[in-house]
Amino acid sequence: MSEREIPDQYLVGYAQLLADVAASGRRLTRDEIEARRALGERAAESGHGLRALVGAHLAATRAAWPGTLRTADSTLAAMHQAVDAFAEGYERAQRLAVRQEEAARREFIDDLLHGRSNPGRLAERAERFGLLLSHTHAVAVAQGSTAYDEGDPAARQVEQALIGRFGDRSVLLTTKEGRLLCVAPGDQDEVLGYFARQAHTATDGGQVAIGRAQPGPGGIRQSYEEALNSLELAERLQLDGPVLHAADLLVYPVLTRDRQAMADLVVNALGPLTTARGGAQPLLDTLTVYFECGCVAAEAARRLSLSVRALTYRLERIHQLTGADPASPTHRYMLQTAVIGARLLDWPASGL
């Protein structure tokens with residue numbers, strides 16, 4: 001906005017102020033300074049640019065320059081005070097606007113992820129942040145060794161990388177409960193994939209989970225919860241992959257949906273292992289690695305730092321105690337399901 005377009009209301013009393021100061025040599029009073037601050041706040045709230053406003057003050061100073069060179073120092077000092085107070089008020093209004101915007105953004109994100117707002121109202125608010133809730137969206141959640149907030153260098157690093165790569169793609173980046181979050185359209189897998197790689201690096205090897213694409217306002221909440229559940233499963237099952245996809249882990253919620261049935265399976269199939277010397281844990285770990293290796297004894301022995309003979313002895317001992325042979329296709333599925341259930345239920349550390 002040019003100087004000519006700055007309304008006179010933001011310069012009201014300014015010329016008279018300079019004249020009074022030039023005549024008396026005094027400094028501005030507290031009330032006069034506060035009045036200039038108030039004008040600065042109103043100018044900011046009206047959307048005028050600070051540069052144009054300062055230019056208007058300088059032009060007004062030249063037009064109303066009072067007295068002679070002897071009064072120049074007092075006049076310039078008064079101008080400095082007046083413009084400084086005006087700019088301070090302007091900046092104060094800007095800071096308040098930023099805080100209000102941050103509060104509105106945080107409230108929107110909380111409502112979006114927890115479904116605490118009317119869907120219609122939520123959709124209206126979402127448009128301010130570039131989201132169209134009538135579309136399908138997916139959520140990726142990154143978790144590191146420390147908690148992150150909006151101003152954290154890791155969050156800024158990921159945001160700059162995404163903006164530099166994709167520009168404005170209706171993507172929402174934020175933080176929630178110490179984690180980095182990315183909400184993206186469900187048909188843009190490349191965005192979430194890139195976010196996952198950048199977040200993994202920015203969080204020094206943190207883990208990223210990506211929920212399934214879901215439609216509607218509730219879809220974002222559902223995808224977010226799937227991503228969180230995936231991170232929790234990864235911790236309980238010791239899945240150390242850098243990127244987890246909720247779609248690949250759907251079997252685990254199914255297995256634990258009937259917790260009592262799973263607990264019964266674990267106790268009946270693996271309970272006898274508790275009578276072994278050293279307890280159940282070493283034999284349970286043996287089964288876990290054996291199944292992860294596709295029942296290849298040599299590879300399992302290598303991972304467990306055992307000889308193949310020692311591993312074979314352990315498998316035979318498991319067979320003797322449980323009556324189920326890990327090497328038998330007939331028994332393998334039951335044992336493997338029980339092993340997964342034991343990890344999900346934290347058995348034998350926790351009683352069932």
| said: How long is the straight-line distance from CZ of Arg26 back to CG of Asp20, given to the nearest 0.5 Å? | reply: 5.5 Å
| Non-hydrogen atoms of Ala227 and Ala209 that approach each other most closely | O-CB, 3.3 Å
| task | Could you check if a side-chain atom of Tyr14 sits within less than 4.5 angstrom of a side-chain atom of Thr61, using non-hydrogen atoms only? | result | yes
| task | May I ask you to say whether Glu34 pairs ionically with Arg37, meaning some side-chain N is under 4.0 Å from a carboxylate O? | result | yes
| query | Looking at Thr203, Asp149, Thr174, which hits side chain to side chain contact (heavy atoms under 4.5 Å, CB included) with Leu180? | reply | Thr203
| field | Side-chain (Gln81) to main-chain (Leu28) donor-acceptor, under 3.5 angstrom | value | yes
| request: State plainly whether one hydrophobic cluster holds both Val12 and Phe86, where clusters connect Ile, Leu, Val, Met, Phe, Trp and Tyr through side-chain heavy atoms under 4.5 angstrom apart. | output: yes
| said: Assigning hydrophobic clusters by single linkage (Ile, Leu, Val, Met, Phe, Trp, Tyr; side-chain heavy-atom cutoff under 4.5 Å), is Leu17 placed with Tyr10? | reply: no
| said: Give me the atom names and distance for the closest heavy-atom approach of Leu173 to Glu159. | reply: CD1-CA, 3.5 Å
| request: Establish whether Val83 and Leu11 are linked, either directly or via other cluster members, by ILVMFWY side-chain heavy-atom contacts under 4.5 Å. | output: no
| request: Check whether any side-chain heavy atom of Thr288 lies under 4.5 Å from a side-chain heavy atom of Gln238, and answer yes or no. | output: no
| note | In this structure, OG of Ser305 is separated from CG of Leu311 (nearest 0.5 Å) by 11.5 Å
| So, are Glu45 and Arg42 salt-bridged, with charged N and O less than 4.0 Å apart? | no
| request: Please name the pair of heavy atoms, one in Ala324 and one in Met334, separated by the smallest distance, quoted to 0.1 Å. | output: CB-CE, 3.8 Å
| Intermediate values then yes/no, side chain to side chain contact (heavy atoms under 4.5 Å, CB included), Arg314 and Tyr290 | CA-CA 11 Å; Arg314 286 193 182 186; Tyr290 181 67; over 6 Å; no
| task | May I ask you to test the His319-Leu315 pair for a side-chain heavy-atom distance under 4.5 Å? | result | no
| said: Would you compute the distance between atom CG of Leu233 and atom CG of Leu239 and round it to the nearest 0.5 angstrom? | reply: 7.5 Å
| request: Answer yes or no: does atom CZ of Arg236 have more than 12 heavy-atom neighbours from other residues, nucleotides or ligands under 6.0 Å? | output: yes
| Transitive ILVMFWY side-chain link Ile33 to Leu39, under 4.5 Å | no
| message | Would you say that Arg165 contacts Glu190 through its side chain, given a criterion of any heavy-atom pair below 4.5 Å between the two side chains? | response | no
| request: For residues Gln207 and Leu231, report the shortest heavy-atom separation together with the two atoms involved. | output: O-CD2, 3.9 Å
| query | Out of curiosity, Leu162 CG to Gln157 CD, how far, rounded to the nearest 0.5 Å? | reply | 11.0 Å
| field | Approximate separation, where rounding is to 0.5 Å, of Phe166 CZ and Gln188 CD | value | 8.0 Å
| message | Could you tell me if Glu225 and Asn229 have a donor-acceptor pair between their side chains, going purely by distance under 3.5 Å? | response | no
| Would you say Phe291 and Leu335 make side-chain contact, with heavy atoms under 4.5 Å? | yes
| request: Quick one: do Leu344 and Met262 satisfy side chain to side chain contact (heavy atoms under 4.5 Å, CB included)? Show the steps, please. | output: CA-CA 9 Å; Leu344 290 171; Met262 178 57 73; 5.6 Å; no
| field | Validation row: Thr286, Tyr313 side chains within 4.5 angstrom (heavy atoms) | value | no
| About how many Å separate CG of Leu228 and CD of Glu177, when rounded to the nearest 0.5 Å? | 7.5 Å
| query | Among Ile318, Leu270, Val266, which one satisfies side chain to side chain contact (heavy atoms under 4.5 Å, CB included) with Leu284? | reply | Leu270
| hydrophobic_cluster_shared for Val267 and Leu287, side chain cutoff 4.5 Å | yes
| task | Give the C-alpha distance, both sets of side-chain angles, the deciding distance and a yes or no for side chain to side chain contact (heavy atoms under 4.5 Å, CB included) between Phe195 and Val208. | result | CA-CA 9 Å; Phe195 167 82; Val208 184; 4.2 Å; yes
| For His137 and Ile220, which heavy atoms make the closest approach, and how far apart are they? | CB-CG1, 3.6 Å
| query | In this structure, which one of Val141, Leu172, Thr175 forms a side chain to side chain contact (heavy atoms under 4.5 Å, CB included) with Leu181? | reply | Val141
| field | salt bridge (Lys or Arg N to Asp or Glu O under 4.0 Å) between Glu32 and Arg36, intermediate numbers included | value | CA-CA 6 Å; Glu32 288 170 336; Arg36 307 323 296 180; over 6 Å; no
| message | Could you tell me if the side chain of Arg212 sits less than 4.5 Å from the side chain of Leu250, heavy atoms only? | response | yes
| said: What verdict does the side chain to side chain contact (heavy atoms under 4.5 Å, CB included) test give for Asp152 and Thr146, after you've listed the backbone C-alpha separation in whole Å, the side-chain angles of each residue and the deciding distance to 0.1 Å? | reply: CA-CA 11 Å; Asp152 193 274; Thr146 60; 5.9 Å; no
| query | Just wondering, do Gln222 and Glu226 contact through their side chains at under 4.5 Å, heavy atoms? | reply | yes
| query | Cut-off 3.5 Å, side chains only: do Tyr252 and Ser230 have a donor facing an acceptor? | reply | no
| Shortest non-hydrogen separation from Glu41 to Gly89 and the atoms involved | CG-O, 3.0 Å
